[in-house]
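Please read the structure below before turning to the comments.
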Amino acid sequence: MSDTTSNQMWGGRFAAGPDAIMEAINASIGFDRRLAAQDIAGSRAHAAMLAATGILSDKDVDAIREGLLTVLSEIEGGTFAYSTALEDIHMNVEARLKELIGEPAGRLHTGRSRNDQVATDFKLWVRDQLDAAAEGLQALMRALVAQAESGADWVMPGFTHLQTAQPVTWGHHMMAYVEMLGRDLTRVRDARARMNECPLGAAALAGTSFPIDRDMTAQALGFDRPSANSLDAVSDRDFALEFLSVASISAMHLSRLAEELVIWSSAQFRFVTLSDRFSTGSSIMPQKKNPDAAELIRAKVGRIFGANAALMMVMKGLPLAYSKDMQEDKEQVFDAADNWMLALAAMEGMVRDMSANRDALAAAAGAGFSTATDLADWLVRVLGLPFREAHHVTGSLVAMAESRGCDLPDLSLSDMQGVCAGITEDIFSVLGVENSVNSRMSYGGTAPAQVQAQAERWRSVLG
Ligand code: ARG
């Protein structure tokens, strides 16, 4: 066992140590050191259970507990010496424990394997990230609700095909994102609830002959229950994939808002002014104020989608149970998590700080014949025209206004009566954008009263 060239964890069967290239491809310590705190928490729970079940003596477990706390403080203090030869965080921690406490360290691995250990550590890490994402989502939602409340009745153009469609309110547009992020939040919570089964004690793949207490370790680590099939427990990475797919959908939402902010902050739109704190300048063009944070969010989401696709590729076709392929799960999830959290925080800062330009929004709201639908609806409501006919009449009036270079309210009553004899002066009352948005009182519609009701509902949900 004192062979120094072969591995101290499995050297008994090996005559020689690994080739340097083998070590390089095999090692995960370069990235899985991020699981250190979870690894030590898992080991402490496992050790306490080994003592409670009488599998190990209290004396050994006391030494293990003390030793693990020392290892944790070395890691947190930045004095821990990581070794690539020791491959991963699990073996790095155990080897250091052995240096510190000697023989009892070798008993810690009783009734477990690195396969259930890594699944447990990684789940704990992903679970923490889901909690952080929930916080980040809610902070951004609060910022959006605040924007909605301050401009619940500010008119702006609503678009389809990025062509002016109908007037909407600024508050309504902000609240649309609150709905999206609200669904993200429910996906985060669903994923968390589904993943919360503890793999520890599944051991290598088949369970163990030691009389372990899996309920005890599951509970100590905050899981709802132990996972029910040991083969599944060590080969499951659904929790990581769900994290990535929830992150992908959420990131997609962030990229849509990012794109709108890029467009809206341009000189052509001037719908919003981003704060200096969340903008950058140009080294050559003094007038520039660039929406870099929004652009980077728009771009970074690609990494998150990529991570999702990459881990799906890693997992597809893998036979049960653990395969080393699965070590490739971590970097993807780490990178996606870092970028999702950063994107959420940056978006929250941008939204909190930005100011909507009420006048520019209002000026744009009436452009592009945005109240044409209101005109058609009036023809249906007051004159009893079938909607298709009303659509046709309105189209002719839009064409007339366009050929004269004016807006719909600028046409005279006699112009209008020339197209449809029944039109009366009353029609002008529906051609204003304020009237248009106020009239859209259907549940979930853009009327300020509807927007305010939704903002209040979310306020009470978000606290
Ligand atoms: N570093 C490994 C991983 O991240 C830990 C599990 C190794 N298990 C094994 N049987 N080689 O997946």
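In listed order, ligands and their atoms are each counted from 1.
The distance between the ring centers of F243 and W340 falls below 6.0 angstrom. The aromatic ring centroids of H173 and W264 lie less than 6.0 Å from each other.
Considering only heavy atoms from C-beta on, K289 comes within 4.5 Å of T273 through its side chain. Put simply, the side chain of M441 does not reach to within 4.5 Å of the side chain of Y443, judged on heavy atoms.
Of all atoms in ligand 1, listed by their number and element, those nearer than 4.0 Å to a heavy atom of S28 are 1 (N). Residue contact check: D88 has heavy atoms under 4.0 Å from atoms 1 (N), 2 (C), 5 (C) of ligand 1.
Between Y177 and H253, the shortest heavy-atom contact is CE2-O, 3.9 Å.
With distances taken over non-hydrogen atoms, the option nearest atom 2 (C) of ligand 1 out of E328, Q327, R114 is Q327.
In terms of protein heavy-atom proximity, atom 6 (C) of ligand 1 is closest to Y322 OH, 3.4 Å. Shortest contact from atom 8 (N) of ligand 1 to any protein heavy atom: N115 OD1, 2.9 Å.
In this structure, K330 counts as a contact residue of ligand 1, since one of its heavy atoms falls inside 4.0 Å of the ligand.
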